[in-house]
2 protein chains.
Amino acid sequence: MDTSHTLEASPAERRRRRVREAILSAAERVFAVEGEAGLSIRRLADEIDYSPAAIYKYFGSKNELVDELKEAFFERILGKIDDQRSSTEAYPARARSCLATYVRTALEKPHHYAAAFSSIEADTEEHNETEPADHHASNKGRAFQYLSELVKEGIYAGHFRAELKPDEAAKALWASCHGLAMMMSHISDFPAMPHEPPQDRDAFIDYHSDLLIRGLEA
Amino acid sequence: MDTSHTLEASPAERRRRRVREAILSAAERVFAVEGEAGLSIRRLADEIDYSPAAIYKYFGSKNELVDELKEAFFERILGKIDDQRSSTEAYPARARSCLATYVRTALEKPHHYAAAFSSIEADTEEHNETEPADHHASNKGRAFQYLSELVKEGIYAGHFRAELKPDEAAKALWASCHGLAMMMSHISDFPAMPHEPPQDRDAFIDYHSDLLIRGLEA
DNA sequence: CCAAAAATTTAACACCGTTCACTTTTCAAA
DNA sequence: TTTGAAAAGTGAACGGTGTTAAATTTTTGG
């Protein structure tokens, strides 16, 4: 019998999961505060009282480990957006809330958020024909899809200009929110907005979201 | 006599400048293609046929060297914006051109641009009272100032809503353009926009700029 | 209890930025 | 032209990094 699918895993599996979790949570702790710079395999090994090489039995590389942190956080962002998306708020405000929520959640863990966008993705020369558009599967694809549907909704409801192409608009919105998140978390002298009272930050995020939505309006 | 200010520098000075320039241009070459990851002091030393330690006679650290690349590129961006700013184009179009130019220039050297915004600036606890707002001196301060004045102009000309606060609007614009530049250069699957014909990229940048300006309009 | 398998460690490799003591080169004054 | 100091450049090392292979310990099932 194959017991690998039972709810109660074997003790060996449980132990393995515990160690894996310990690695991830140590990594999470360090990464949240010091980012990729402060996170070294050796330091991680120290914190969980294992040897550095042990970590490689749980993760293929440091990048794989960090990727898991990034993906987890990005999924959290998506979740929060999805909540707003299906909230009962009236439309134009709901759209603004989605944008603002994206930025606010990104600001919760600046290092995570920035790292998720830090790699310059290679051009891979010839189009990979074998996997045509798995955009819908990836987290980033989902983010784009959410926004695209949000725009469509606004068009159908008559709030946005009818000639808008939802996909283009979604890209523009996403990029703009991404920029705001990066600026607010990375540029401490983003003029007159360093670590002022949180309500000011919130107000500015709302302001930015409003400006973007206005740009789509009829 | 102090000869250090004569136009013709001493031979020693000229040699020193040549070597310094060689280091910088090798660094520029590598950095443009491979970014900070591919740039090591040892590799630089190899390329210019010096020993690694020699480089430290010209730059205090690798960071100082890279900073010089980043600053130089950011100044190029500012220059291009300034050109647009003082062009003869009619107003709302001129504003769009400024935004689009910022993004287009950033895309010329993605690694440079990204690196210029890559550091999370520390909170430094207590405000540094000794240097109250040197925003106007720094390159980023200048970028902000340009945009702020651009918005003011739009308000006075009656194109933008009168109640807009120029500084807030400028921050929003800047952040949005920053986001677009980062997205377009870093996310190769920024959906349906990887390395399509350049005219498509240009068109999208214009689209984005237009959307932002619309958000400010009365 | 014992052998096979899994988990873990030790030690090394090849890098990295940086520093320091040392040698070589340059250059102006005697 | 010789000399001596300053400048330029080097070699070797230090402590750090990610990663891997072999050896070792621990766990597990028959």
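Just so it is clear, the model here is predicted, and its values are computed rather than measured.
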For nucleotides 23-30 of chain C, just jot down a letter per nucleotide in 5' to 3' order: B, S or -, based on protein non-hydrogen atoms under 4.0 Å. ---SS---
Specify the separation, in whole Å, of atom CD1 of A:Ile48 and atom P of C:dA7. 14 Å
For atom CD of B:Glu13 and atom C1' of D:dA7, their distance in whole Å: 13 Å
Between B:Tyr113 and B:Phe117, how do the two ring planes meet: parallel, tilted or perpendicular, split at 30° and 60°? tilted
How close or far is atom P of D:dG9 from atom CD1 of B:Ile55, stated in whole angstroms? 11 Å
Can you tell me the distance, in whole Å, between the CD atom of A:Glu34 and the P atom of D:dG16? 15 Å
Looking only at non-hydrogen atoms, find the nearest pair between B:Met184 and B:Phe204 and report the distance. SD-CD2, 4.2 Å
Is there a side-chain contact between B:Leu180 and B:Leu99, using heavy atoms and a 4.5 Å cut-off? no
Rounded to whole Å, CZ of A:Phe59 lies from P of C:dT8 at a distance of 13 Å
Mind calculating the distance between CD1 (B:Ile23) and P (D:dA8) to the nearest angstrom? 11 Å
Would you say A:Arg16 reaches C:dA6's phosphate, i.e. side-chain N/O to OP1/OP2 under 4.0 Å? no
Where do B:His111 and B:Glu34 land on the side-chain hydrogen bond (donor to acceptor under 3.5 Å, both in side chains) test, with the steps shown first? CA-CA 8 Å; B:His111 285 113; B:Glu34 307 182 39; over 6 Å; no
Whole-Å distance between D:dG9 C1' and B:Arg18 CZ? 16 Å
Reading nucleotides 15-20 of chain C from 5' to 3' and marking B where a protein heavy atom lies under 4.0 Å of the base, S where only the sugar-phosphate is that close, and - otherwise, the string is -BBBBB
Could you please spell out the steps behind the side chain to side chain contact (heavy atoms under 4.5 Å, CB included) verdict for A:Glu108 and A:Arg76? CA-CA 11 Å; A:Glu108 287 176 8; A:Arg76 172 176 162 78; 2.7 Å; yes
Compute whether any side-chain donor of one residue and acceptor of the other, for A:His208 and B:Ser176, lie under 3.5 angstrom apart. yes
When the C1' atoms of the five terminal pairs at each end define the local axes, what inter-axis angle does the helix from C:dC1-D:dG30 to C:dA30-D:dT1 show, to 10 degrees? 10°
With a 3.5 Å cut-off and no angle check, do the side chains of B:His178 and B:Tyr102 form a donor-acceptor pair? no
N/O (side chain, A:Tyr58) to phosphate O (OP1/OP2, C:dT8) under 4.0 Å: yes
